Number of protein chains: 2
Amino acid sequence: MSHDDAHPVSLQCGDCPIRHRAVCARCESSELDELEAVKYYRSFEAGQTVIWSGDKMDFVASVVSGIATLTQTLEDGRTQMVGLLLPSDFVGRPGRDRAAYNVTATTDILMCCFRRKPFEELMERTPHLAQRLLQMTLDELDAAREWMLLLGRKTAREKIASLLSIVARRDASIRHRKLRGHLTFDLPLTREAMADYLGLTLETVSRQISALKRDGVIELEGKRHVTVPDMDRLLIEAGEDSDGGLIG
Amino acid sequence: MSHDDAHPVSLQCGDCPIRHRAVCARCESSELDELEAVKYYRSFEAGQTVIWSGDKMDFVASVVSGIATLTQTLEDGRTQMVGLLLPSDFVGRPGRDRAAYNVTATTDILMCCFRRKPFEELMERTPHLAQRLLQMTLDELDAAREWMLLLGRKTAREKIASLLSIVARRDASIRHRKLRGHLTFDLPLTREAMADYLGLTLETVSRQISALKRDGVIELEGKRHVTVPDMDRLLIEAGEDSDGGLIG
DNA sequence: TGCTTTGCTTGATTTGGGACAATACTTTGT
DNA sequence: ACAAAGTATTGTCCCAAATCAAGCAAAGCA
């Protein structure tokens, strides 16, 4: 029932992923033309901060290409990544005028933005839009709560294996490939970003990756390119059921 | 702008909190009568599991009284609490037919339930309902992400201080009292439940509470009744900005 | 071509919190 | 009033991950 299954982003509806992920539930599109009028694009270079926590945010947006992160920090500089934005992910909070997190570009990114007010007005009149956003927000909530289990209860080794399996899964689903057996993909994050995501130090991340490599769970080519000879083995290392992930 | 501010639950709309928290945005109530027809109450005793992760869930509900927890577990038994349900909180996921978490009664609880199908059908026709649920889900997402920062980056002492400050704040807001200076309240959780919430062991929870008491940050009467002589001091211990909590 | 910067790895040492254990307090039931 | 079960505190030991520190490799640049 996922929307991606029904309507692969790249095949059906022009250039703007938000149509798929946030707006069109059954591809009824009459109201969407209103959004076209308030749509604009913004791009950011790798390393740039898109918006700071607490800043005024008068738009909502969809990531078109590239990767961005959501982070929270304590005053003394300790940093925790709380979300990862991939192409077609939605960012911004209808009904709120301040950003709650720092959004930082990990790679060069392009975002498709909509002015918040008109977007909210459309939402008032379009039940499907609010419902679609509700579904997406419930998905994010599930992901956040799954991450809470990881942060609170998993060992460093399990954390790394979990992250690798998530990246592998997402990579495979983008390329419409199988999820079992032999997989290969690139890590979109530096060791430091992985540490911020997993609640570890970058040294521990490095050590555990080396350990998984030494134990034959993964193979590395350079620093970033990972091969997983046996996905089931990785899932076991991650402390997950082998059919993995969330129920329901 | 919070709904509670505008319409304190106990004053305006009969006996069902869901009217306030999920349904009525401006107290327009014509559609709500439909829900009355599919509304029923269920009660559970302290310690009972309301629903297991993965079970079929054909209702959504609002907590009327008592406290329940949302938990996730690994196969080997490690447990992480991912949410706390207090009176007027909403549980259940429109559009999904399986529970994603274990829901367990911490005290005796009463829940006001609605059959899922009619609820979803009403949502199709009522933009305010989907919007209201979206706002509530965004709040939960913020809370989950704030908790991720706590789980990933805070020390045991900071975790305890954070939990105490959250309980204090919630208690104060329920009783419409001040949030600064001298506060007193009861802990609604056992040491073990606190440990599951904070990603610690119950021994560490006990030790850190003793340490905060020894250092004069809190005073204890029995095991559960806490007095905070200086709320600002507690917030500093929690590693939070003294005007504390999330922005926007 | 060598110099600096950035990202990563590995080693040595320390430490915060987990594991295990003993004891005490507090309910609940008979 | 007592036993039994559940809940909480405190002590001792130990280990996983943090911290501190050194060195390597690739990329950018003068």
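Values in this document were obtained by computation on a predicted structure and should not be read as measured data. Residue numbers start from 1 in every chain, and the chains themselves are labelled A, B, ... in the order their sequence lines are given, proteins ahead of strands.
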- Does R224(B) place a side-chain N or O at less than 4.0 Å from the phosphate oxygens OP1/OP2 of dT7(D)?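 No, outside the criterion.
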
- Message: Please determine whether a side-chain nitrogen or oxygen atom of T204(A) lies at a distance below 4.0 Å from atom OP1 or OP2 of dA17(D).
- Response: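 It does not, given that no N or O in the side chain of T204(A) lies less than 4.0 Å from OP1 or OP2 of dA17(D).
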
- Could K154(A) and E240(A) be called an ion pair, given the rule that one side-chain N must be under 4.0 Å from one carboxylate O?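 Salt bridge flag = yes for E240(A) with K154(A).
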
- Query: E203(B) has a side chain; which of dA21(C), dA17(D), dA8(D) sits nearest to it?
  - Reply: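 Nearest nucleotide to the side chain: dA21(C).
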
- Ignoring the backbone of S206(A), work out which of dG17(C), dT10(C), dT19(D) is nearest its side chain.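 Selected nucleotide (nearest to the side chain): dT10(C).
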
- Query: For residues T201(B) and T204(B), is any side-chain donor paired with an opposing acceptor at under 3.5 Å?
  - Reply: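 Judged by distance alone, the side chains do pair up.
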
- Task: Scan side-chain atoms only and decide if T184(B) and H225(B) contain a donor-acceptor pair under the 3.5 Å cut-off.
- Result: yes

- Item | For DNA chain D, the residues among residues 185-194 of chain B that have a non-hydrogen atom under 4.0 Å from it |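 Contacts with DNA chain D under 4.0 Å: T190(B), R191(B).
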
[X] has an atom [atom1]; how far is it from atom [atom2] of [N], in whole Å?
{"X": "R207(B)", "N": "dC13(D)", "atom1": "CZ", "atom2": "C1'", "answer": "11 Å"}
{"X": "K213(B)", "N": "dT10(D)", "atom1": "NZ", "atom2": "P", "answer": "7 Å"}
{"X": "L220(A)", "N": "dC8(C)", "atom1": "CG", "atom2": "P", "answer": "11 Å"}
{"X": "Q208(B)", "N": "dG18(C)", "atom1": "CD", "atom2": "P", "answer": "9 Å"}
{"X": "E221(A)", "N": "dA26(D)", "atom1": "CD", "atom2": "C1'", "answer": "16 Å"}

- Item | Sugar-phosphate only, base, or nothing, as touched by G199(B) at under 4.0 Å among non-hydrogen atoms | sugar-phosphate

- Message: At 4.0 Å (heavy atoms only), tell me whether I209(A) reaches a base, stays on the sugar-phosphate, or touches nothing.
- Response: nothing

